[in-house]
There are 2 protein chains.
Amino acid sequence: MGTLAFDVFTSERDDCVDPAGVTCQHCDLGTTAFCAGLTTGQFGRFIAVLEQATFEPQSTIFREGDPAQHLYTITVGAVKLYKLLSDGRRQIVAFLFPGDFFGLSGNGTYAYTAEAMLPLMACRFPRRKMDQLFKDLPMLEKKLLGAATQELDAAHDQILLLGRKTARERLASFLVGLWRRLGGSDDHPAPVALPMGRGDIADFLGLTIETVSRTFTGLRRDGLIFLPDASHLVIRRPKDLARIAEGL
Amino acid sequence: MGTLAFDVFTSERDDCVDPAGVTCQHCDLGTTAFCAGLTTGQFGRFIAVLEQATFEPQSTIFREGDPAQHLYTITVGAVKLYKLLSDGRRQIVAFLFPGDFFGLSGNGTYAYTAEAMLPLMACRFPRRKMDQLFKDLPMLEKKLLGAATQELDAAHDQILLLGRKTARERLASFLVGLWRRLGGSDDHPAPVALPMGRGDIADFLGLTIETVSRTFTGLRRDGLIFLPDASHLVIRRPKDLARIAEGL
DNA sequence: CGTATTATTGACCACTCTCAAAAAACGTGG
DNA sequence: CCACGTTTTTTGAGAGTGGTCAATAATACG
């Protein structure tokens, strides 16, 4: 999984060159990118420890229990993180999109399996080079702490959802959040493509496929959402759906 | 809520003096303490931004939505963090004990309410002084990132528990984890005091009080645990209880 | 002790799960 | 492009885990 040039992406900072002499493959994340705000000199040290990685859809990036050798941040695509019980029960703990991090570990091994849901591009940082990088660029450590804090908030929201919300409230919460993250507009009825199937949604919301399907049908029948097909979503009444999500 | 001297605690580092001239109130956390590993000079800067805070049992430390002005680390006592839905449904997102942090915020307001479960002593750091402190003592930022990572792992475990485990598996997981954290021994049958009631356990495990009570009775009838009274626990067969917790 | 709170137990109910089948969508090769 | 098989989604009927409502028992506290 070597360094690749993604020259399909236009660069806003064409002064940045990686050590191999290849024009740096920028993501289009702007100020939310991990590397945003670095000077050219800092960026050189940054790019020196960075690896670009690509993964096929449905491919496993790492498994629960593997030694935690890399930290990842997504530039293009989507990832699911999940944990398994020995009898096969699965819980998806997060869906991640461009700008999100994964692979942080407390004990040296990954606590979850990471799997690409779409063709994936990610920046990858070897764990053993991170200490030096943080010493050089303390701001990166701050950004990482901020990202971890946000992930913790999201995890707490998910705990509230799983512990205390009904199936209808769970799906409403999920769709409202996803709609926002995927750029759905409250005014324009442009459908948003859902990158995951009913099974993944079920394993994220602590439900079964059948209950997810029935609940989709219920929201559709009540005019809250519109489904051009099973994997495309329009939220017709965002305010009402958000109220349901909060249990109102 | 001013600075207090907790001279009931014996000090291992009696060379440390806070700016007011009072002998520093050490916690007995050893190498796990936030301040562990600091030199005397560093410790001076550390203590300069630190406030000591005490809280009565059942008192609220801060509420969900309050401006996030402080970061806390527990020295003595126990804390619960919870979120509420508008109709009163409550989800406890964490029980915290000495050495644990709380109060990190992504958006400037607390995402949960924090309440003392026991007489509480905590070190408190004003958010506006943290940047300077991190610049002086970068190791503290590393420790905080490590703590946030651990909390994130714990949150993911709780997500798995709430999404995919049965009531029996949930209580078994909870008791095994609590037993370890409160210093229960696999050999000695010394009961451990549970600092929370059935209602708190229910709101942590996503169950009702009645189901928690019935499940306690079930584990007791099966000889896995022993309850001298409702708030004291002995785990009789730790291995078997741990197997139940993992769904085996 | 008497009172209030908390925990336990019981009977019944409902939300979601399980099992099953039908329908729709997708992919592949002819 | 269509026929076919596979996979995914939807829908249906029935069952079960855990919830609700209610009463009793135990505990804590003045």
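Keep in mind that the numbers below use all heavy atoms, side chains included, and drop hydrogens, waters and symmetry copies. Note on naming: letters A, B, ... go to the chains in the order of the sequence lines (proteins, then strands), and numbering restarts at 1 for each one.
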Which side-chain N or O atoms in residues 238-248 of chain B pair as donor and acceptor under 3.5 Å with protein atoms at least two apart or in another chain?
unit_1: Asp240(B); atom_1: OD2; unit_2: Arg237(B); atom_2: NE; d: 2.8
unit_1: Asp240(B); atom_1: OD2; unit_2: Arg237(B); atom_2: NH2; d: 2.9

Specify the separation, in whole Å, of atom CZ of Arg90(B) and atom C1' of dG19(D).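 After rounding, the gap between these two atoms is 17 Å.
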Near DNA chain C, which residues from residues 196-209 of chain A have a heavy atom under 4.0 Å away?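 Output list: Gly206(A), Leu207(A), Thr208(A).
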Please give me every residue in residues 159-178 of chain A whose heavy atoms get under 4.0 Å of an atom in DNA chain C, ordered by residue number.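 Hits under 4.0 Å, by residue number: Thr166(A), Ala167(A).
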By ring pair (Phe, Tyr, Trp, His ring centres under 6.0 Å) - contacts of Tyr82(B) (at least two apart):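 By the ring pair (Phe, Tyr, Trp, His ring centres under 6.0 Å) rule, Tyr82(B) matches no residue at all.
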I want to know whether Phe101(B) and Tyr72(B) have ring centres closer than 6.0 Å.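 No, the ring centres sit 6.0 Å or more apart.
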Quick test of your reading of the model: are [X] and [Y] salt-bridged, counting only N-O distances below 4.0 Å?
X	Y	answer
Asp186(A)	Arg236(A)	no
Asp203(A)	Arg198(A)	no
Glu169(A)	Arg89(B)	yes

Go through the structure and list residues passing side-chain contact (heavy atoms from CB on, under 4.5 Å) with Pro57(A), not counting sequence neighbours.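 Partners of Pro57(A) by the side-chain contact (heavy atoms from CB on, under 4.5 Å) criterion, ordered by chain and then number, come out as Pro119(A).
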Arg180(B) CZ: over 12 foreign heavy atoms closer than 6.0 Å: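 No.
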Any residue of residues 210-234 of chain B with a heavy atom less than 4.0 Å from an atom of DNA chain D: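 Glu210(B), Thr211(B), Arg214(B) - these, ordered by number, are the residues of the stretch whose heavy atoms sit under 4.0 Å from the strand.
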Testing the basics here: between Glu64(A) and Lys83(A), what is the closest heavy-atom pair and its distance to 0.1 Å?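 Residues Glu64(A) and Lys83(A), closest heavy atoms: OE1-CA, 3.6 Å.
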Whether Tyr112(A) and Phe62(A) hold their rings parallel, tilted or perpendicular, with breakpoints at 30° and 60°: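 It falls in the tilted class, 30° to 60°.
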